[in-house]
Structure formats: structure tokens, C-alpha cells
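What follows is one structure encoded as C-alpha cells, with my remarks underneath.
Counting from 1, the numbers follow the sequence of the chain as shown. Every number for a ligand or one of its atoms is a count from 1 in the order of the listing.
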Amino acid sequence: MRIRTTIEEAAATIADRLAVGIFDRFDPPSGALARSSVLRTVESLIESKDMTGNLGETTPILGETDFKAGSLVLFGLGDRTKFGSGAAFSAGAAVGKRLAGRPRKTVAIVVPNDFEGDRLAVASALVQGVIVGVRGPDLKKNEPARHEFEELIVVVEPNSGIDPKVLESTIERAQVIGSSVNWARDLANTPPAEKTPIRLAEIVAERAREFGLSAEIWDEARLRQERFGGLLGVSAGSESPPAFVVLEHRGVESDAPIALVGKGVTFDSGGLSIKPSASMEDMKADMTGAAVVAATLVAAARLKLPVHVKGYLPLTENMTGGRAMKLGDVLTMRDGKTVEVLNTDAEGRLILADALAYAVEAKPSRVLDLATLTGACMVALGPKVAGLFANDDAFAAAIAASAAETGERVWRMPLDEDYFELMKSHVADFKNVGGKYAGAITAAKFLERFVAKTPWVHLDIAGPSWADSDSPTQSVGATGCFVRTLIQWLEKP
Ligand code: BES
Ligand code: MN
Ligand code: ZN
């Protein structure tokens, strides 16, 4: 999708469709519509409650207007006092999703300016939303269900006080971020047979190198040499060998790197502790953490962010083959710790343990992992909020602040040491499951054992990584969550 920016009155923009936002109940009337011939139409739509201005709403206005565009589509911006990047992203996604239903040449979208706040940030989020909205999960349909526009025109009205050059570069960056989110989504939406660990490693390394990152792939033999007992244990039940990818973006000379680690289970059957079929349906997306880390690194390179970041992707299937790890097996992890496996479905922590232990050997200033780790986190926080766990308050606050800026939702969870008692083993240093209670926390306590003293944040994204159903603002399937937040944070970590 070509994207171009223009600073002009919305009424002057020539396009097939012009999308204009309205705040909550259009009260008071404001923006481009208040000055136009459609004012009356909009007011009567509001009066009859055919339109409310709620986020996600899109209402086409057909017929003659004093806008030069072929026709208008009004979109809800929600509560004016709560408006910001988060709402702008959702609103943009709704416009993208709604208009992508059939092929379109030029779609223009007007950046709202009748609110208090950062207009450039909102312009960026709005465009990211449109880019994400025009992309669906229809990767394998013979007749695609969504069509990205040939051209998207981003219209900023002259009274917004935005410099055209700054606008242009902001939108260029928005396009990089939006397409990175989509890449993460596409990877997670890809059928598992097409992204076996080695194949996924190659897909990731190829795109990373294309954008100037260094990428290294370890195969099974190398993983054995490097004593990645957790990753090898999980992969033992699979016909497809595991892989480990290390990506690096050096935006500054030397400096301790920031380490990002992502869970990369390309299919989680549960292993011998097998999942019921319904719980297995979406387990192709159990590599979302790895996809998000890869997409963030590629974006960091494309945006030339002045940071040194390393990405670590442990990739494996979790299957039930004849050599699968068994309950009672004891794995020796990268750092020498021993783990008794009492539930093979608690596999994410086993592969992350090796990756985290290895990542902190490079003495990073901080380490952050993302993982679709526990159903328990969804029980605790619901399907849209990620659990945030940290051994460092400042780091936790920085990630929470970046999430607040993008509108992605996190909630800090406790990590008191007594939770770890649930993980004691009679046989090994500890076991891989805690029992009935506090499942998201015991999983995090397990991970904490492998980061030494490094400031660490763990995001349990089991909920927000996936949308179970379609909604006006979000497509069913993979969401690519936290690519935007991580880039926001890496802009000034
Ligand atoms: N990949 C799952 C967690 C998950 C569940 C992600 C639902 C997304 C949606 C993970 O590997 C898992 O199976 N966790 C177990 C842990 C348990 C056995 C301690 C779980 O949550 O049931
Ligand atoms: Mn599992
Ligand atoms: Zn899993």
C-alpha cells in the first residue's frame, strides 16, 4: 500500500473514499464535518442513534457533498477526553477493516485535530491501525477477503500546526511499525506445517538479513553442544528438529545490549500431557513471542533506532512422538539447573529457561521475554491484558509507560518468593509445574531463576496474542501484540 501525506482542508482531498472521525455523540460538533454541508446529516444520524461516535463504528455517507472525495465514511473516535494513540489505533483499524472488504484505489483518512494531545502520535497510530486493519487472517484463501488499498492518503488539516516534513517522516515510520505488526501476525497465522522450527528460523533470518540485521541459526547438533537441555527436551517428541535464532541490531557502538527473548513453540499439542482438541486449535500461534521479537528487531533496524538489541528465539514443536519427554524425566538446562518435568504442557518455560540463561551470559543491561505462557494468566486478567512480571521496578514502569502510550494493556503481577515453594521437587532442583493456584505467577517464578540478577520483564501474552472472534476494531486470529509497545520503548529505553 502506497502511503502519502498531505496538508490541506479535508474537503479539498481527492480520493475514492474519505474517512473522517467523529467524537462521542458529535457533541459539540467539531472538525471538518462541522464546517461542511453534511453537518445536518451527521446531526440527524446522531439524533436517531444510527451513529454514536463510538470507537469501531464506521458509517458510509453516500451522495453529493461539498467534499471533493467520491464519498465519505465517518468513523468513531470515542470519548474526546480519553482520546490518544490507543484509541486512534483502534479507530484506524476499524476504517481499514471496513474498507478493505473490496479493492479500492485511493482512500484518504483525516487525522483528527479537535482534541487535546499529541497529534503526530495520533497520526502515526491511526495509520498503523489502518495498515493492520486492511490485513486479515485470510492467508490461504483463493479469493482474498481483504484488499489493501492501492493508495492511502493521510490528510492533516492546515490548522493542525504540523510541519509537512515531520508528518512525512512520522508516517514513513508508522508504515514500518504497522507492517512489522502485520509480519508478526502473518507468522502466527501461518499453518504449523509451513513453519516448522527450521523453516521458521530461515524465514526470520532471511527477512532480518534483508534489513541489515545479523542472524545466526543453531541446529540440533549445535544445541546439544551448547547444552540447551530444555529446548531439546521439548523437541524430543517431534519429527521436526528444533532451532535457535539469534538476531542482532547494532544501532550504537558497543554498549551492553538489550536482550529480547520470545517463546517459539510452532505447535503446542501439550505433548504427552496432551491438550483436549479445542484447546489445541489455536496452538499454531504459540510462537507469537518469537514472532514479536523478530518483528521488533526488524523494525528497530529499519527505523535505525540508536540502540543495541539482541533477539533470542528458541523454536520447537511440542509433540507426542515415541521419543517425547515423559513425566518424571529430568532435564538439565543450559545453566546446569535440573528440572523435573511433571507436565509436558508446561513446555514454554523449559525452552525460555535455556534462552534466558544464554541471553544473560552476554551481560545485557536488561532482558525482556514475551511468551504465550499460561492459560492461568487469561483466567487472572482476561483475554486482552498481558501479565507483566518483573524483578526491577524501574524496568517494569518503563514498559508499562510505553504500553500506556500505545494503548496495549499490561497489568503488573506479584512475584513474592513464597510462590516458588509450589515448584519444589523431591528429585531435581525444581519441577516445571506449581499446581492449581497462581499458575501465571509460578511460571514467572520459574523463569526468574534463569535471569540471574539482570533487570528482567516477562510479558505473559497468552490472552492478547490472539483474538477469538472478529470485531470492528480487531481481526480474528493473531494480533501481533506488543510490537508497537516495544518499539515505543526502544525509541528511548
Ligand atoms: N501455550 C500454552 C498456554 C496458552 C494457553 C497460550 C491458551 C494461549 C492460550 C502453554 O504452553 C500451556 O500449555 N500452559 C499450561 C501450563 C500448565 C500445564 C501448568 C496451561 O496454561 O494450562
Ligand atoms: Mn503447553
Ligand atoms: Zn505452549
Side-chain angles (χ1 to χ4, degrees), residues 188-189 192 195 197 200 230-231 233-238 242 261-292 313-320 324-327 331 339-355 369-387 389 413 419-420 422-423 425 430-447 458-469 476-482:
N189 281 331
K195 59 176 180 198
L200 181 57
L231 183 51
V234 173
S235 80
S238 171
V261 179
K263 173 177 172 181
V265 175
T266 61
F267 185 72
D268 183 10
S269 75
L272 292 178
S273 313
I274 196 165
K275 287 180 185 295
S277 186
S279 310
M280 217 187 279
E281 256 177 48
D282 307 330
M283 283 301 130
K284 66 179 183 186
D286 208 19
M287 37 55 75
T288 297
V292 168
L313 282 51
L315 305 177
T316 181
E317 291 181 341
N318 186 23
M319 298 292 283
T320 58
M325 57 181 181
K326 304 167 190 76
L327 308 204
L331 305 177
V339 177
E340 184 184 15
V341 176
L342 291 178
N343 189 323
T344 62
D345 200 9
E347 85 295 343
R349 64 198 74 183
L350 299 172
I351 71 170
L352 288 167
D354 286 337
D369 77 79
L370 299 109
T372 47
L373 201 62
T374 67
C377 198
M378 301 168 71
V379 173
L381 298 175
K384 294 195 168 166
V385 179
F389 302 81
M413 301 281 278
Y419 286 109
F420 195 72
L422 300 164
M423 310 291 281
S425 160
F430 36 93
K431 53 186 187 178
N432 76 328
V433 275
K436 185 167 160 191
Y437 298 122
I441 305 174
T442 51
K445 289 304 287 180
F446 183 100
L447 299 183
H458 156 58
L459 293 176
D460 191 331
I461 58 170
S465 61
W466 187 264
D468 275 327
S469 58
V476 66
T479 61
C481 64
F482 295 104

Ser238 side chain vs Asn318 backbone, donor-acceptor pair below 3.5 Å: no
Name, closest N/O/S atom of Asp286 to the Zn ion (ligand 3): OD2
Option of least heavy-atom distance to atom 17 (C) of ligand 1 (set: Gly463, Ala346, Gly271, Gly434): Ala346
Contact check, side chains of Leu331 and Val341, non-hydrogen atoms, under 4.5 Å: yes
Side-chain donor-acceptor pair present, Asp460, Thr374, cut-off under 3.5 Å: yes
Lys263 and ligand 1 - part of the residue with a heavy-atom distance under 4.0 Å: side chain
Whether Thr442 side chain and Gly439 backbone form a donor-acceptor pair below 3.5 Å: yes
Verdict with reasoning, Glu281 to Lys275, per salt bridge (Lys or Arg N to Asp or Glu O under 4.0 Å): CA-CA 10 Å; Glu281 256 177 48; Lys275 287 180 185 295; over 6 Å; no
Which N, O or S atom of Asp268 lies nearest to the Mn ion (ligand 2), by name: OD2
Contact check: Lys263 to the Zn ion (ligand 3), N/O/S below 2.8 Å: yes
Side chain, backbone, both or neither: Asp345 near ligand 1, heavy atoms under 4.0 Å: both
Atom indices of ligand 1 within 4.0 angstrom of Asp268 heavy atoms, with elements: 1 (N), 2 (C), 10 (C), 11 (O), 13 (O)
Side-chain donor/acceptor of Arg349 to backbone N/O of Ala444, under 3.5 Å: no
Heavy atom of protein inside 4.0 Å of atom 1 (N) of ligand 1, strictly below: yes
CA sep, side-chain torsions, deciding dist, call: Met413, Leu381, side-chain contact (heavy atoms from CB on, under 4.5 Å): CA-CA 10 Å; Met413 301 281 278; Leu381 298 175; 4.1 Å; yes
Short side-chain to backbone donor-acceptor contact, Lys384 and Ala467, under 3.5 Å: no
Expected output: side-chain Thr288 to main-chain Ala285 donor-acceptor under 3.5 Å: yes
The Zn ion (ligand 3): angle it makes with OD2 (Asp268) and OE2 (Glu347), nearest 10 degrees: 90°
Check: Asp345 side chain, Gly271 main-chain N or O, donor-acceptor pair, under 3.5 Å: no
Minimum-distance protein heavy atom relative to atom 14 (N) of ligand 1: Leu373 O, 3.4 Å
Metal site the Mn ion (ligand 2): N/O/S of Asp286 inside 2.8 Å: no
Option whose closest heavy atom lies nearest to atom 11 (O) of ligand 1, chosen from Met378, Glu347, Lys275, Arg349: Glu347
Protein residue, atom and distance nearest to atom 19 (C) of ligand 1, heavy-atom basis: Val433 CG1, 3.5 Å
Metal-centred angle, the Mn ion (ligand 2) as apex - OE1 of Glu347, O of Asp345, 10° resolution: 70°
Protein contact of atom 9 (C) of ligand 1 - nearest heavy atom, named by residue and atom, plus distance: Met283 CE, 3.6 Å
Which residue and heavy atom of the protein sit nearest atom 20 (C) of ligand 1, plus the separation: Gly375 N, 3.9 Å
Donor-acceptor pair, side chain of Lys263 and main chain of Thr372, under 3.5 angstrom: yes
Atom 18 (C) of ligand 1 [closest protein heavy-atom partner, distance rounded to 0.1 Å]: Asn343 ND2, 3.4 Å
